[in-house]
Amino acid sequence: DLILPIPIVGGLTSEGIWGDPNVLPRDKDSGIEDNEWCYWGGNPVKGKDGKYHMAICRWPESTGHHGWFESEVAHCVSETPTGPYKITRTIVKKGHNPEVMCMPDGTFALHVMNSSVYSAADMPGPWKRIGGMRLDSRGFRPSDRMGSNLTTEFRPDGSILLMQKNGDVSISRNGILGPYKVASIENYSRSTGYPEDPVIWRSRHQYHAIYNHAQDRKSAYMRSLDGIHWKNEEGLPYDVSTTFYTDGTRNEWYKFERPKVLQDDIGRVTHLALAVMDVSKGADKGNDNHSSKNLVMPLVTEKLVSIVDKAPLDASTRRINVLI
C-alpha cells in the first residue's frame with residue numbers, strides 16, 4: 001500500500017514490444033527495456049548533474065534468461081526517476097547484480113556479484129576496478145566467501161554495513177573493501193521460498209531491508225535500530241498485483257526480483273526499482289517473445305515530524321506545536 005501508480009510517459013501499447021498478455025499493454029518508456037537486451041537489477045542514483053543514473057546489468061535477449069552468466073554492466077540515465085532510461089555505455093565488461101554507493105568524498109563506488117569494486121568520479125564513468133571485498137566470518141560461518149547479491153549502507157559513524165544474499169550482516173570499519181566482520185546471522189523470518197536479494201537502507205532513525213522470496217514470488221520487510229538486530233514485519237512490500245499505471249491499467253509480472261531503492265538527501269526512500277519478467281526464468285529461451293526489464297515505481301514518502309517550539313518542554317507545557 002506504499003506503492004503509487006506509475007506515471008505514463010510514452011503511452012501504453014502492445015505493439016512492437018515483447019511480453020505475455022498479462023504484461024500488456026504497458027509503457028515501454030517506464031524504467032528500461034528494449035527488444036535486443038534482457039535487463040536485470042540496478043539502483044537509481046541522483047547524479048551531480050541532477051539526472052538519475054543506474055548501473056544496470058544486461059545480456060543479449062537471444063541467449064534467454066540464463067544468458068545472465070555472461071552479463072555486462074552498463075550505465076543508463078534518465079531525466080526522471082521512473083524513466084525512460086537510456087544506455088550510454090558499457091562500464092564493466094562482465095558483471096552481475098550491481099549496486100552503487102554514493103561515497104562521502106563525492107565519488108561513486110560500484111560492487112558486483114564476484115565482490116569486485118569499481119570507482120568513478122561521475123556515474124557515467126570511466127570506472128576503474130579498485131579491488132575486491134573481503135569477509136571475516138569470525139566463526140559464524142564455515143566459509144569466508146562473500147557470495148553474491150550484496151547490499152551496503154553507511155552507518156552514522158562512517159563504517160559500512162553489508163548484508164549478504166543469505167541475510168548475514170557484516171561491518172567494515174576500513175572502507176568499502178573491508179574486511180567486513182560478521183555481526184549477525186539468521187536474520188530472515190523463514191527459510192522457505194528461497195529468501196535472497198536483500199536491499200538495505202537507512203532513514204533518519206532506523207535501518208530497513210526488503211528481501212525476495214524467489215520461489216514463492218513474494219517479498220518480506222524487516223527493520224532494525226542498529227542494523228545488526230532485525231525485526232521482521234508482517235505484510236508484503238510487493239507481489240504480482242503491484243504494478244499499475246495512473247490510468248488504472250495493471251500489469252501482472254510473473255517474476256519480481258532484485259529490489260533496489262532510490263533515497264532522497266535525508267535517507268527517505270522515494271522509489272522502488274525491481275527486475276521483472278513476464279514468464280518464469282526457464283520459459284525465456286531467447287529469440288522469443290519473452291524478456292526482462294527494470295521497473296522503477298514511486299512510493300509514498302515517509303513524513304517528517306518536528307517540534308516547532310523553541311522553549312524546553314516540561315510538565316507545565318500546555319501546548320506543543322508540531323510541523324508535519
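In what follows, every heavy atom counts, from backbone to side chain, and hydrogens, waters and symmetry copies are set aside.
In plain terms, the two heavy atoms of Cys76 and Ile56 that are nearest each other are SG-CG2, 4.0 Å. Pairing each heavy atom of Ile200 with each of Leu161, the nearest pair is CD1-CD2, 3.4 Å. What you find for Asp144 and Asp136 is that their closest heavy atoms are OD1-C, 4.1 Å. Between Asn43 and Glu99, the shortest heavy-atom distance links the atoms OD1-CA, 3.4 Å. Of all the heavy atoms in Val279 and Asp284, the pair that sits closest is CG2-N, 4.2 Å. Asn289 approaches Asp20 most closely through the heavy-atom pair ND2-N, 4.4 Å.
Put simply, the side chain of Trp68 reaches to within 4.5 Å of the side chain of His66, judged on heavy atoms. Counting heavy atoms from C-beta on, the side chains of Val9 and Thr80 never come closer than 4.5 Å. At least one side-chain heavy atom of Leu135 sits less than 4.5 Å from a side-chain heavy atom of Ser170.
Val117 and Met146 fall within the same hydrophobic cluster, defined by Ile, Leu, Val, Met, Phe, Trp and Tyr side-chain heavy atoms under 4.5 Å apart, directly or through other members. Connection of Ile176 to Tyr207 is not established within any shared hydrophobic cluster, with ILVMFWY side chains joined at heavy-atom distances below 4.5 Å, either directly or through further cluster members. The cluster map of Ile, Leu, Val, Met, Phe, Trp and Tyr, joined by side-chain heavy atoms under 4.5 Å apart, puts Val77 and Ile91 in different clusters. Cluster annotation: Tyr245 is connected to Ile3 through the hydrophobic network of ILVMFWY side chains, with a link wherever side-chain heavy atoms come within less than 4.5 Å. Hydrophobic cluster membership differs between Leu2 and Tyr221, with clusters built from Ile, Leu, Val, Met, Phe, Trp and Tyr side chains linked at under 4.5 angstrom.
For Lys165, the NZ atom is densely surrounded, since the number of other residues' heavy atoms within 6.0 Å is greater than 12. Within a 6.0 Å sphere centred on CG of Asp1, other residues, nucleotides and ligands contribute 12 heavy atoms or fewer. Residue-environment remark: NZ (Lys281) exceeds the threshold of 12 foreign heavy atoms within 6.0 Å. In Lys48, the NZ atom is crowded: over 12 heavy atoms of neighbouring residues, nucleotides or ligands sit closer than 6.0 Å. No more than 12 heavy atoms of other residues, nucleotides or ligands lie within 6.0 Å of NZ in Lys28, so this atom counts as exposed by the packing criterion. Atom CZ of Arg145 sits in a sparse spot, with 12 or fewer heavy atoms from other residues, nucleotides or ligands closer than 6.0 Å. Environment of CG in Asp265: sparse, with no more than 12 heavy atoms of neighbouring residues, nucleotides or ligands closer than 6.0 Å.
Expressed to the nearest 0.5 Å, how far CD of Gln206 lies from NZ of Lys231 amounts to 11.5 Å. One finds the CD1 atom of Ile160 at 9.5 Å from the CG atom of Asn174 (value rounded to the nearest 0.5 Å). Atom CG of Asp197 is separated from atom CG of Asn97 by 6.5 Å, given to the nearest 0.5 angstrom.
Between Tyr211 and His213, the ring planes lie tilted relative to each other; the angle falls in the 30° to 60° range. Ring planes of Trp201 and His208: parallel class, angle under 30° (limits at 30 and 60°). Ring orientation note: the planes of Trp40 and His65 are nearly perpendicular, at an angle over 60° on the 30°/60° scale.
Here Ala273 pairs with Pro44, Lys260, Asn294, Val296 under the side chain to side chain contact (heavy atoms under 4.5 Å, CB included) rule; sequence neighbours left out. Take Tyr238 and apply the ring pair (Phe, Tyr, Trp, His ring centres under 6.0 Å) test, not counting sequence neighbours, and it matches Phe256.
Applying the salt bridge (charged side-chain N to carboxylate O under 4.0 Å, His left out) test to pairs two or more places apart or on separate chains, those with a residue in residues 204-223 are Arg190-Asp216, Arg223-Glu233.
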| query | How far apart are the C-alpha atoms of Arg319 and Asp309, what are their side-chain angles, what is the distance that settles it, and do they pass the salt bridge (Lys or Arg N to Asp or Glu O under 4.0 Å) test? | reply | CA-CA 9 Å; Arg319 179 185 180 90; Asp309 305 272; over 6 Å; no
| After noting the C-alpha distance and the side-chain angles of Arg268 and Thr301, does the key distance pass the side chain to side chain donor-acceptor pair (under 3.5 Å) rule? | CA-CA 7 Å; Arg268 298 178 300 175; Thr301 305; 5.9 Å; no
| field | Test side chain to side chain donor-acceptor pair (under 3.5 Å) applied to Ser62 and Asn287, step by step | value | CA-CA 5 Å; Ser62 60; Asn287 289 322; 4.8 Å; no
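With a 6.0 Å cutoff to the six-membered ring centre and a 45° limit on the axis angle, Arg58 does not count as a cation-pi contact of Tyr39.
A salt bridge does not link Glu252 with Arg26: none of the charged nitrogens is closer than 4.0 Å to a carboxylate oxygen. A salt bridge does not link Glu72 to Lys94: none of the charged side-chain nitrogens sits closer than 4.0 Å to a carboxylate oxygen.
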